[in-house]
Asks: 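Below is a structure I'd like to ask you about.
A quick note: this is a predicted structure, and the numbers were derived from the prediction, not measured. Each residue takes its place number in the sequence, starting with 1.
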Amino acid sequence: MSERRNGSLVFAINGQRFELPTLDPSTTLLHFLRTQTRFKSVKLGCGEGGCGACTVLLSKYDPVNDTVEDMTASSCLTLLSSIGGCSITTSEGLGNSKDGLHSIHQRMSGFHASQCGFCTPGMCVSIFSALVNAEKTDRVDPPPGFSKITVSEAEKAIAGNLCRCTGYRSIADVCKSFAADVDIEDLGLNSFWKKEDSKEVKVSSLPSYDRNNEICTFPKFLKEEIRSAMSLDSKRDSWLRPSSIQELQNLLNFIDVGEGTKTKLVIGNTGSGYYKELEYYDQYIDLKGIPELSTIRMDTEGFKFGAAVTISKVIEVLKDAKQVGFPSRGEMVFNKISNHMEKIASKFIRNIASIGGNLVMAQRKHFPSDIATILLAADSMVEVMSGTRCETLTLEEFLQRPPLDFKSILLSIKIPNWESTGKVSQQKGSVLLFETYRAAPRPLGNALPYLNAALLAEVSPCKTSSGVLVSRCQLAYGAYGTKHAIRARKAEEYLVGEVLTVDALYEATKLVRATIVPEDGTSSPSYRSSLAVGFLFEFFSSCIDTTAESTDGLLGKCNDSVLAKDLKLGENEISFKCDEIPTLLSSGKQFIKTSPEYYPVGKPISKSGAALQASGEAVYVDDIPSPPNCLYGAFIYTTEPFARVKNIAFKPDQQPRGVVDVISVKDIPEGGENIGSKTMFGTEPLFADDLTECAGQRLAFLVADTQKHADVAAELAVVDYGVEDLEPPILSVDEAVRRSSFFEVPTSIYPKQVGDALEGMAEADHKIMSAKIKLPSQYHFYMETQTALAIPDEDNCMVVYSSIQFPEFAHDAIAKCLSVRGHNVRVITRRVGGGFGGKSSKAMPVAVACALAAQKLRRPVRIYMNRKTDTILAGGRHPMKITYNVGFKSDGKITALELEILIDAGMSLDVSPILPSNFMGTFKKYDWGALAFDIKLCKTNHSSKTAMRGPGEVQGSFVAEAIIEHVASFLSMEVDSVRQKNLHTYKSLSLFYGDSAGEAQEYTLPSMWDKVALSSKFSQRALKIEEFNMCNRWKKRGISRLPIIGGMTVRPTPAKVSILSDGSVAVEVGGIELGQGLWTKVKQMAAFALGSIIADGTEHLLDNVRVIQADTLSLIQGGLTAGSTTSEASCAAVRMCCDVLIDKLTPIKKKLQESLGSDSIKWEMLIAQGYSQSIQLSSISYYVPDKSSLKYLNFGAAVSEVEINLLTGETSILQSDIIYDCGQSLNPAVDLGQIEGAFVQGVGFFLYEEYLTNSDGLVTANGTWTYKIPSLDTIPKQLNVEVLNSGRHKNRVLSSKASGEPPLFLSASVHYAARAAIRAARKQINSWGRPGGSDSIFQLDVPATMPVVKECCGLDIVERYLEWKKGGN
């Protein structure tokens, strides 16, 4: 900490003044908010600026113009010292439950847009920022209750915010509800109005938004301090803010700057989100105070931006080029550049990241920059200062230089005006073409491109022949696995002077492919080269093919490209339309049917606590204030899969700060066990002992004085390994089979085979033998990473706050490890910020390690795991390898199936023994005739795999569809008819599922199968898709309909209901609130069950019920919250408690009725009388389902339509229609959210989420930069969901069925729709000659990422097309 010298740092948070005389300069705004203020709504989701959970509103005041600039910022990257004189607004600053919630909070709750709630405050701030800035526009005033914001702007406001729970549709509805141009009928299910209400009623029912009385984002006192010429920036040796270039030069002459030094130059500090810093800086030089670096100059020559100008400001200025009066060609280039910049990073990053910082990272560290590429093609210039010398360079020269030393400063960037600088010809008929491209896992937001490009050409009608002559050509490519963006010089030189023909373009593509060659080690190298060719082809194709648009639909850019026929007219002005980012979500419809039978059960009320989650008042484990003397932990993990651990140490020149102790297996007390987690199948060690069993196994728990110090120290730890006399590790299931490395599956839970497979095979007309499928892992990516807080208590007791799905077993593991009795341990869990199975067994060692460290050090110990470590230790979904033989008739009816399934369980059992049964539970959704299988759990040297939403079940359902698809392809039949042919009758369903099949009337799948086809217009759309595919050469569509069957198991669950003296009700249940609405359903059940005794009914009681946190000493045998059925089991247990209480209260009620002479008895009076008579009004129950209630089946069906881009491999989901049977839903709004959220999470598994590891099995896709969950721009553009109310089910809890996991299986429809589109593409490609494989029989991997899809369509598709065209076609 530096001492106060010339001044303190002054700023405001939510209107409150803060003044800091001393400050560690590396402190981030997020760290300060969470540790030094009461404002805990800002969450740490990634520490990379990639998720939006930490978003705040950053407001700056300009005293000269008396204006306030409001922008979102990523507080996890923003350094606190940089916000002097600024005002910060968090979600708490918008409103709260005590003083009044903001309408954003209310709508988040009312539109059912918050589930686990961890991401919600960041979402709220992003929406608020968009509303605030919309009011600054000169648009006409909107109707009362609405904002000036448009629907498109509203949706884009949260484009960079991630959510793992909801599926985004409901959040998009919240955004759109503020827009003046919204179609109110387009907004989805909410608690404000009924579907049949008039438009006027709906508008008036929305929580009021008063745009004229909005929150002040910049307090008056701070404005006055700024106007008084008082500097509010900290003036300390640790934070230097030069005010001129000369002052900066003087500093650089005396201070060593950069890596390996103690001083760092900063502007927005966003680079630290990508390049993680392990070194500590004692001093920072903030460049934002230098006017020359923040200046924007504009003249006829173009724009000159100071290097410190933010990317958002550059976008804003370039977009206004038209108003400045630039000629059309110059304006066109500026607009294309600004539109491309809007597609990179997220707004809360662009608002603080500088254009200069981005280019310096590209030059110095080879960052895969989009900005470098697009400015390179535009002939941009840069000005660089080295010492006292300034020089102007082309951007190409700048990028090609050796890495800039840290005393050289990029001063400015000039983007030329192509119309006025003589760069283009003024001859009649000359046309300037400029286009930018990027192929990235996400269209918007935080996603690095596989390749980006910016292509510029000047063309004109050829005077000597019919065609288009290229007179200038600049082709820039970057981010493809090279040091920096480059110009494709050979292709440029070839094209200049050429008339654009098929032959010329073919030669140019060969030159580009030869130039764009990724360096060794780059992922998908051939794909990246093919992208370069594809972009070149797209850029020039309209100049050689006048029918390109009418027959090809070439990416829908008829207004952005110039057709050859237009060029021949000799026009010298180009008509262009900016690449506006389209509205992200068209619409979604929800269909529910409610029943008043068990009111308020069945009512779609808002999720309990949703408004508190939105305002940031909901308390998660890491929000609990740190007790005095608290220490912080981080895991040191192995990087070798099978080796001896010789030593753990730190390099002499990298001694970490703040380390208190390193806890290892040696610190487990006498009598204690090395146990980190336990399941019903066994235990897993807390720490590796002598031998590591996988890369990513816990070795030790490092404890330090801050979380940052602990994280950095754990990263710096050096582990010395030895592999002498050890066998090689087992890193594949095939190797496990070779070495007979298996886990046993208890015979009691191993699934049973069906029929005689040999006989079925003999009946078959056709057979497919030894076909193979591989399925990868998936990371849970809960927004809240693993976290725990352990506090030593008196008498050798330990209280542990844990974000966990299985507190009961964590309790046991802690007691065993610490060698204490069970009653000495208490595990408390209030809510979990997302789990999906990843916080069942995998959260246990986190709690155990904290408890062990706290016991040894007699101090509180906590951890909030960083995203990288969390990803590496999480284990994830089980990878599988499936080999099958299938026999079938010529009509598509399958007669027999034989499976060999190899499941990678990893190093320990965890819950892996349930996988065979789970896999078969969903796989048996078709009548396979006879079914034989051999399933092996392989023990490998990978991290132990664990439960993840639908463990084994999602794989089983997918593999079933893969086999159906294979049979259909073999027979050249429509796959939908093969599915129909093999759907179960009730008789075959009973054969395959036994008692779980239930009664015949419960088998709703056949009617749902027909209904989803009707509601989605499946047949009509299939015909339209055929027509579309005939007319469009470079885009293809596909559609798929598929069914699911999910087997549910209900587990025993406890509950406790206590009625307090004032009539309020406290409920405890074994189930944990993960965001799935368990508390909400429990509240409804308690109100229903208790309400039967009073006349004023259940509505009054609903507000009286509170569900309280789980406490393993208060309510024992809590069990595991997983498998989708804990909500209904908890409700059943609560009802049992309430029935006991009703029995106790009924005699009292009768006496009161007699004495008062009235049947109507108020609840409060009844309870008061019960207390006066010393009646115990607390009841504990333990619900144990009987045989008829233990297992049942869930059904669903979905239709999905996708569109693929053959040049990039991008898949867009156009529409998904889902019907899902919830029985008689306990809460249709909650179940709807579960259905949508599960479906979108499945979309991630099947399309986007690559679980990448190195050769030793260590996870390398370990953050938001490399692991891509779905985002708002990648979900279905139309998502229609019907929650089917299938009536009474006597063996269910109030006739309900679960909704948490089975809908995820329906997302395979997206994968198979993509397969259908690829099939159409392959058919087209093979028609061009030189066949490239079967149209219909091919392997589409999971996930079907852009490279995978493009490879299936052909990485040489452009060359093959041009060869075909050269042949005269």
Asks: Mind running side-chain hydrogen bond (donor to acceptor under 3.5 Å, both in side chains) on Gln115 and Gln1234 for me, showing each step along the way?
Replies: CA-CA 9 Å; Gln115 290 187 22; Gln1234 288 293 287; 3.1 Å; yes

Asks: Hey, which of Leu189, Asn1227, Leu1232 is the one that makes side chain to side chain contact (heavy atoms under 4.5 Å, CB included) with His112?
Replies: Leu189

Asks: Show your reasoning for whether side-chain hydrogen bond (donor to acceptor under 3.5 Å, both in side chains) applies to Glu1203 and Ser1212.
Replies: CA-CA 5 Å; Glu1203 181 177 280; Ser1212 301; 5.5 Å; no

Asks: Using a strict 4.0 Å threshold on nitrogen-to-oxygen distance, state whether Glu597 and Lys603 make a salt bridge.
Replies: no

Asks: Do Glu135 and Asp141 come close enough that some side-chain heavy atom pair is under 4.5 Å?
Replies: no

Asks: Assess Arg107 against Phe178: is NZ or CZ under 6.0 Å from the centre of the six-membered ring, and within 45 degrees of the ring's axis?
Replies: yes

Asks: Has the side chain of Asn161 got a donor or acceptor atom that lies under 3.5 Å from a matching backbone atom of Gly52?
Replies: yes

Asks: How about Phe781 and Phe836: are their ring centroids closer than 6.0 Å?
Replies: no

Asks: Is the shortest side-chain heavy-atom distance between Val1243 and Ile1275 below 4.5 Å?
Replies: no

Asks: Please assess Lys40 against Glu92 for the test salt bridge (charged side-chain N to carboxylate O under 4.0 Å, His left out), listing each intermediate value before the final yes or no.
Replies: CA-CA 8 Å; Lys40 300 295 181 72; Glu92 293 103 330; over 6 Å; no

Asks: Between Leu58 and Lys60, is there a side-chain heavy-atom distance shorter than 4.5 Å?
Replies: yes

Asks: Of all the heavy-atom pairs spanning Thr1274 and Ile1213, show the shortest one and how long it is.
Replies: O-CD1, 3.8 Å

Asks: Is it true that the side chains of Asp1217 and Gln1215 contain a donor and an acceptor less than 3.5 Å apart?
Replies: yes

Asks: Atom CD1 in Ile311, atom CD in Glu316: separation rounded to 0.5 Å?
Replies: 14.0 Å

Asks: Using side-chain heavy atoms (C-beta onward) and a distance below 4.5 Å, is Met783 in contact with Lys43?
Replies: no

Asks: Provide the closest heavy-atom pair for Val1202 versus Val1310 in the form atom of the first, atom of the second, distance.
Replies: CG1-O, 3.9 Å

Asks: Start with the C-alpha distance between Gln106 and Ser103, add both sets of side-chain angles, then the distance that settles side chain to side chain contact (heavy atoms under 4.5 Å, CB included), and finish with yes or no.
Replies: CA-CA 5 Å; Gln106 295 170 319; Ser103 55; 4.1 Å; yes

Asks: Output, in order, the C-alpha distance, side-chain angles, deciding distance and verdict of side chain to side chain contact (heavy atoms under 4.5 Å, CB included) for Trp1163 and Asn1104.
Replies: CA-CA 10 Å; Trp1163 173 256; Asn1104 269 10; 3.7 Å; yes

Asks: Are Thr90 and Asn14 close enough that a side-chain donor and a side-chain acceptor fall under 3.5 Å?
Replies: yes

Asks: Does Ser1064 have any side-chain hydrogen bond (donor to acceptor under 3.5 Å, both in side chains) partners at least two apart in sequence or in another chain, and if so, which?
Replies: Asp1062

Asks: Is the gap between the ring centers of Phe118 and Tyr620 under 6.0 Å?
Replies: yes

Asks: Could you please spell out the steps behind the side-chain hydrogen bond (donor to acceptor under 3.5 Å, both in side chains) verdict for Gln1224 and Lys1297?
Replies: CA-CA 7 Å; Gln1224 196 159 310; Lys1297 288 188 172 187; over 6 Å; no

Asks: Would you say Thr217 and Asp70 are linked by a side-chain donor-acceptor pair, where the criterion is simply a distance under 3.5 Å?
Replies: yes

Asks: Rounded to the nearest 0.5 Å, what separates atom OG in Ser1016 from atom CZ in Arg1021?
Replies: 5.5 Å

Asks: Are any side-chain N or O atoms of Asn65 and backbone N or O atoms of Thr67, one a donor and one an acceptor, separated by less than 3.5 Å?
Replies: no

Asks: Under 3.5 Å, is there a donor-acceptor pair between the Ser126 and Thr72 side chains?
Replies: no

Asks: Please report the interatomic distance CG(Leu33) to CZ(Arg38), rounded to the nearest 0.5 Å.
Replies: 11.5 Å

Asks: If we ignore hydrogens and angles and just use 3.5 Å, is the side chain of Arg831 paired with the main-chain N or O of Ala618 as donor and acceptor?
Replies: no

Asks: Can you list the steps and then say if Val1107 with Lys1083 is a side chain to side chain contact (heavy atoms under 4.5 Å, CB included)?
Replies: CA-CA 7 Å; Val1107 186; Lys1083 279 185 66 170; 3.7 Å; yes

Asks: Establish, from distance only, whether the side-chain atoms of Ser114 and Thr120 form a donor-acceptor pair under 3.5 Å.
Replies: yes

Asks: Is there side-chain contact between Val1281 and Tyr1220, with heavy atoms separated by less than 4.5 Å?
Replies: no

Asks: Under the criterion salt bridge (Lys or Arg N to Asp or Glu O under 4.0 Å), which of Lys176, Lys202, Lys199, Lys589 is the partner of Glu185?
Replies: Lys202

Asks: Hydrogens and angles aside, do Asn351 and Ser312 bring a side-chain donor and acceptor to less than 3.5 Å of each other?
Replies: yes

Asks: So does Val1199 get a backbone contact from the side chain of Arg1041, meaning a donor-acceptor N/O pair under 3.5 Å?
Replies: no

Asks: Would you check if there is a donor-acceptor pair between the side chains of Gln590 and Glu1282 at a distance under 3.5 Å?
Replies: no

Asks: Nearest 0.5 angstrom please: Asp186 CG to Ser177 OG, how far?
Replies: 11.5 Å

Asks: Does any part of the side chain of Met123, heavy atoms only, come nearer than 4.5 Å to the side chain of Ile171, both counted from C-beta?
Replies: yes

Asks: Using a 4.5 Å cut-off on heavy atoms from C-beta on, say whether the side chain of Asp62 contacts that of Glu69.
Replies: no

Asks: Look at Glu1236 together with Arg169 and state whether they make a salt bridge at an N to O cut-off of under 4.0 Å.
Replies: yes

Asks: For Tyr209 and Ser147, work out which heavy atoms get closest and say how close.
Replies: CE2-CB, 3.7 Å

Asks: Is the shortest side-chain heavy-atom distance between Cys116 and Leu1074 below 4.5 Å?
Replies: no

Asks: Side chains of Asp1273 and Ser1271: any donor to acceptor distance under 3.5 Å?
Replies: yes

Asks: For Leu162 versus Pro1270, what's the shortest heavy-atom pair and its separation?
Replies: CD2-O, 4.3 Å

Asks: When you compare the side chains of Ser97 and Glu617, does any donor N or O come within less than 3.5 Å of an acceptor on the partner?
Replies: yes

Asks: If we count only N and O atoms by modelled type, under 3.5 Å, do the side chains of Ser1200 and Ser1216 hold a donor and an acceptor together?
Replies: yes

Asks: When rounded to the nearest 0.5 angstrom, what distance separates OG in Ser204 from CG in Asp197?
Replies: 8.5 Å

Asks: Regarding Ser91 and His105, do their side chains bring together a donor and an acceptor under 3.5 Å, going by distance alone?
Replies: yes

Asks: After noting the C-alpha distance and the side-chain angles of Ser1286 and Asp1221, does the key distance pass the side-chain hydrogen bond (donor to acceptor under 3.5 Å, both in side chains) rule?
Replies: CA-CA 6 Å; Ser1286 60; Asp1221 184 357; 2.7 Å; yes

Asks: Of the non-hydrogen atoms in Pro1228 and Ile592, which two are nearest, and what is the gap between them?
Replies: CB-CD1, 3.8 Å

Asks: Show your reasoning for whether side chain to side chain contact (heavy atoms under 4.5 Å, CB included) applies to Leu1272 and Ile158.
Replies: CA-CA 8 Å; Leu1272 183 65; Ile158 58 162; 3.7 Å; yes

Asks: Which heavy atom in Val1230 sits nearest to a heavy atom in Gly1077, and how many Å separate them?
Replies: CG1-CA, 3.9 Å

Asks: Do Gln1076 and Lys1081 meet the criterion of a side-chain donor-acceptor pair at a distance under 3.5 Å?
Replies: no

